[in-house]
Student: 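Dropping a structure here in structure tokens format, bear with me for questions.
When a ligand or atom number is given, it counts from 1 through the structure's own listing order.
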Amino acid sequence: MKKPTRVNHPPTVELPAGNHAVAAPIYQTVKFEFDTVADTEAFLRGERPGFLYTRASNPTTRQLEQLLAELQGRDDCLVTASGVGAIAQTLLALTRQGDHVVCFVETYNPTRYLIRRLLGRFGVTHTMLGIEDLAGVERELAARPTRLVFFESPTNPITRIADVAALTQLARTAGALTVMDNTFAGFHQHGEYDVDVFVHSLTKYASGAGDVMGGAAIARSELIRGMRTDFSALGGVLDPHAAYLILRGLKTYFVRYQAQCASAAQIAQLLAAHPAVARVHYPGLATHPQHALAARQMRDFGSIVSFDLKDGEAAGRRFADALELFALAASLGSTESLVVTPAMMGGHELDAARQRMSGISAGTIRLSIGLEDPEDLLADVARALEAAHS
Ligand SMILES: *Cc1c(COP(=O)(O)O)cnc(C)c1O
């Protein structure tokens with residue numbers, strides 16, 4: 001074999017039987033081959049297991065899918081290149097022309113766009129309600145056949161809580177599927193409820209480091225089987241290297257989530273006691289209007305703390321500029337603490353009535369609490385509140 005040939009067919013190193021890598025290998029390859037044409041044909045007929053092309057399946061992404069399915073308490077999972085990718089592909093895979101979707105004002109903006117504008121272009125209609133309006137949901141489901149109810153909890157950024165048991169029961173009775181964006185709550189929550197499909201942004205708590213994007217749709221096998229062909233055809237798959245980084249991030253998911261929740265609770269208490277603050281939105285606070293519901297259906301209340309400053313927009317700008325440890329950046333659930341102002345929350349495309357319903361005011365600030373020492377974070381927030389107040 002000449003050297004230009006050899007570099008394209010390098011020596012292979014296989015682990016001997018009984019010898020294993022401790023960190024999972026990254027299968028950074030697009031193609032897989034079988035030894036014979038007969039084996040390839042058997043695979044294509046579904047008569048033998050294996051891998052052929054990474055857009056359809058890859059061992060590293062498959063490992064992540066199996067882990068996420070187990071964490072969320074479902075049979076199977078499909079991972080995608082971003083959280084929005086998982087939402088878009090789920091919506092496209094589960095709806096067809098003429099279907100009706102129930103969604104909520106308190107929803108991640110790109111999701112609202114996908115339901116209103118993208119699905120709208122293909123003849124899917126929707127009704128948008130407030131997340132606490134269970135009577136409205138019941139009325140809508142009685143008024144017309146509905147394919148999907150899409151909701152999230154806690155909601156962004158005001159941390160309203162969806163009544164998961166009530167919503168899923170109403171949907172089940174009406175023959176509608178439920179899709180829950182569970183990104184804020186995480187993989188260890190809400191799995192015991194009758195939710196058909198969980199979608200997640202893996203960009204947030206799963207990776208934790210904020211250096212990689214990914215998404216997931218998690219459901220029972222029968223649903224995933226129906227969605228798999230569309231997901232593969234739409235092509236927004238997760239790269240194996242990104243899957244590896246997310247698998248690595250998940251090793252510390254539980255300790256990170258719990259430490260971040262503990263700091264978030266302390267910061268929520270500090271804010272609630274401060275004279276510059278009109279209202280704190282954190283489901284773990286006893287003063288949260290839906291604290292009892294949150295305590296019933298959640299184990300941990302998350303690391304997102306939002307609040308309204310009494311002095312509105314100008315105070316919010318002073319607060320965000322005065323923070324030293326919080327990056328002025330979108331996203332959440334990372335090891336670094338982050339702050340977001342109303343202009344970054346993107347509720348502008350809602351009409352005035354729905355903007356009011358969303359609960360976002362000119363003085364609303366959203367914090368994502370990271371893994372810094374809680375005393376440093378508390379001191380930083382206290383200092384910034386003084387700056388906002390002055
Ligand atoms: C960030 C986020 C998404 C989108 O995830 P990306 O990975 O950024 O595409 C979807 N839903 C919620 C609730 C999010 O916070």
Student: Going by salt bridge (charged side-chain N to carboxylate O under 4.0 Å, His left out), Asp76 matches just one of Arg220, Arg225, Arg62. Which one?
Tutor: Arg62
Student: Can you tell me which residue and heavy atom of the protein come closest to atom 6 (P) of ligand 1, and the distance to 0.1 Å?
Tutor: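 Residue, atom and distance for the closest contact: Gly83 N, 3.4 Å.
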Student: Show the atoms of ligand 1 that are less than 4.0 angstrom away from any heavy atom in Met213.
Tutor: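 Close to Met213: 6 (P), 7 (O), 8 (O).
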Student: Provide, to 0.1 Å, the distance between atom 7 (O) of ligand 1 and the closest protein heavy atom, together with that atom's residue and name.
Tutor: Thr203 OG1, 2.5 Å
Student: Relative to the ring of Tyr253, is the ring of Tyr205 parallel (under 30°), tilted (30 to 60°) or perpendicular (over 60°)?
Tutor: perpendicular
Student: On the six-membered ring of Tyr244, is Lys251 placed so that its NZ or CZ lies under 6.0 angstrom from the centre and within 45° of the ring axis?
Tutor: no
Student: Knowing that exactly one of Thr155, Val149, Thr127 qualifies, which makes a side-chain contact (heavy atoms from CB on, under 4.5 Å) with Phe104?
Tutor: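 Output: one option passes, namely Val149.
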Student: Can you give the donor-acceptor pairs under 3.5 Å from side chains of residues 170-181 to other protein atoms, not counting sequence neighbours?
Tutor:
residue: Arg172; atom: NE; partner: Asp194; partner atom: OD2; Å: 2.8
residue: Arg172; atom: NH1; partner: Asp196; partner atom: OD1; Å: 3.4
residue: Arg172; atom: NH2; partner: Asp194; partner atom: OD1; Å: 2.8
residue: Arg172; atom: NH2; partner: Asp194; partner atom: OD2; Å: 3.3
residue: Arg172; atom: NH2; partner: Asp196; partner atom: OD1; Å: 2.8
residue: Thr173; atom: OG1; partner: Gln169; partner atom: O; Å: 2.7
residue: Thr178; atom: OG1; partner: Asp196; partner atom: N; Å: 3.1
residue: Thr178; atom: OG1; partner: Asp196; partner atom: OD2; Å: 3.4
residue: Asp181; atom: OD1; partner: Thr183; partner atom: N; Å: 3.1
residue: Asp181; atom: OD1; partner: Thr183; partner atom: OG1; Å: 2.7

Student: Considering Asp181, Thr183, Val84 one by one, which has a heavy atom nearer to atom 11 (N) of ligand 1 than any of the others?
Tutor: Asp181
Student: Could you tell me which atoms of ligand 1, counted from 1 in the order shown, lie closer than 4.0 angstrom to a heavy atom of Ser82?
Tutor: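 Every atom of ligand 1 under 4.0 Å from some heavy atom of Ser82: 7 (O), 9 (O).
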Student: For Gly214, counting its heavy atoms only, list the atoms of ligand 1 lying under 4.0 Å from any of them.
Tutor: 7 (O)
Student: Tell me yes or no: between the side chains of Gln72 and His190, is some donor less than 3.5 Å from an acceptor?
Tutor: no
Student: For ligand 1, which atoms, with element, lie under 4.0 Å from some heavy atom of Ile87?
Tutor: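 Under 4.0 Å from Ile87, ligand 1 has these atoms: 10 (C).
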Student: Answer with side chain, backbone, both or neither: which part of Leu332 has a heavy atom less than 4.0 angstrom from an atom of ligand 1?
Tutor: side chain
Student: Just which atoms of ligand 1 are under 4.0 Å from any heavy atom in Lys204?
Tutor: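 Going through ligand 1 atom by atom, the ones under 4.0 Å from Lys204 are 1 (C), 2 (C), 3 (C), 5 (O), 14 (C), 15 (O).
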Student: Side chains of residues 77-86: which donor-acceptor pairs under 3.5 Å do they make with residues two or more places apart or in other chains?
Tutor:
residue: Thr80; atom: OG1; partner: Ser82; partner atom: O; Å: 2.8
residue: Thr80; atom: OG1; partner: Ala86; partner atom: N; Å: 3.2
residue: Thr80; atom: OG1; partner: Gly215; partner atom: O; Å: 3.3
residue: Ser82; atom: OG; partner: Gly85; partner atom: N; Å: 3.0

Student: Quick test: of every protein heavy atom, which one is nearest to atom 3 (C) of ligand 1, and how far off is it to 0.1 Å?
Tutor: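 Nearest neighbour among protein heavy atoms for atom 3 (C) of ligand 1, to 0.1 Å: Tyr108 CE2, 3.3 Å.
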